[in-house]
Amino acid sequence: MAEQAWQATVLTLFPGMFPGPLGESLAGKSLKEGIWALKTLDIRQFARDKHRTVDDVPLGGGVGMVLKPDVVAAALDHVADAPGPRIYLTPRGRVLDQPLVRELAAADGAVFLCGRYEGVDQRVIDLAGMMEVSIGDFILSGGEVAALTIMDSVVRLLPGVIGKEASHHEESFETGLLEPSLYTHPRNWNGIEAPEILASGHHGRIAEWRAGEARRETRKRRPDLWERYLRAQAQENEAKE
Ligand code: ADE
């Protein structure tokens, strides 16, 4: 029996933003193949008044508008049967990283609630027990691009999307290190030589060079990741003793 498709369900005021870039390349191909599936739901269809109002002024005053809890609750109720965790995209959430991406890829799907304006009434987020997720410490104009980012990172992990399962193994963040620098032909380009070892044909020495390069570059570019890597290594060694 074929595996069930990973099911993304998106609640948004702008359904036209989907699948957007995920209709192209690997994600688009696997969407057509049924490896994952995408449903979008327009939050505005759950507005109750004749003006189809979805937002209101913030209680206590302040700028912008807030998505109404009754409207968002009705939208969430409508997708009660959709599989996976309920995710509210917000800069206040847990910052996305590869372990969270793997966790989401291991689920049957996810439901994404995309806020616009200033955000969503907190009561509906709390009542539904939603997972709040941020894609980084910057402000987007809404949750849609964040949802697309998460879906992109999840979909490429689904079985059958990237040919060789092995191609994930050496990737950045799977090892805790950044990837080594890449080179292709010609060996001498613009008077700049690619590292000689890469043309040596010695697979063992090439692997060693790449491992060293990954360590050097991680230390230089991302001291925060390097520190975390060293701590993880130390813990691993302790566990072995
Ligand atoms: N909505 C606005 N900014 C966001 C961010 N950085 N991450 C997730 N959702 C957002």
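Quick note: residue numbers are just sequence positions, from 1. Whatever order the structure lists them in is the order used to number ligands and atoms, beginning at 1.
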Taking NZ, NE, NH1 and NH2 as the nitrogens, is one of them in R216 or E213 under 4.0 Å from a carboxylate oxygen of the other?
->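 E213 and R216: salt-bridged.
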Applying side-chain hydrogen bond (donor to acceptor under 3.5 Å, both in side chains) between E132 and each of R92, R94, Q122, report the one that passes.
->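 Of R92, R94, Q122, side-chain hydrogen bond (donor to acceptor under 3.5 Å, both in side chains) with E132 is met by Q122 alone.
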Can you list every pair where an N/O of ligand 1 is under 3.5 Å from an N/O on the protein?
from, atom 1, to, atom 2, distance (Å)
ligand 1, 3 (N), L140, N, 3.0
ligand 1, 6 (N), G136, O, 3.2
ligand 1, 6 (N), F138, O, 2.8
ligand 1, 7 (N), I135, N, 3.0
ligand 1, 9 (N), T90, N, 3.2

Show every donor-acceptor pair shorter than 3.5 Å between a side-chain atom in residues 59-86 and any protein atom, with sequence neighbours excluded, or say none if there are none.
from, atom 1, to, atom 2, distance (Å)
R86, NH1, A82, O, 2.9
R86, NH1, G84, O, 2.6
R86, NH2, V79, O, 2.9
R86, NH2, A80, O, 3.4
R86, NH2, A82, O, 3.1

Which pair of non-hydrogen atoms, one from R116 and one from G142, has the smallest distance, and what is that distance?
->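 The pair with the smallest heavy-atom distance is NE-CA, 3.7 Å.
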W36: partners by ring pair (Phe, Tyr, Trp, His ring centres under 6.0 Å), with sequence neighbours left out |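 Listed in chain order: nothing, the list is empty.
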Can you give each donor-acceptor pair under 3.5 Å made by side-chain atoms of residues 41-51, sequence neighbours left out, with the distance rounded to 0.1 Å?
from, atom 1, to, atom 2, distance (Å)
D42, OD1, R44, N, 3.0
R44, NH1, R52, O, 2.9
D49, OD1, R52, N, 3.0
D49, OD1, T53, N, 2.7
D49, OD1, T53, OG1, 3.4
D49, OD2, T53, OG1, 2.6

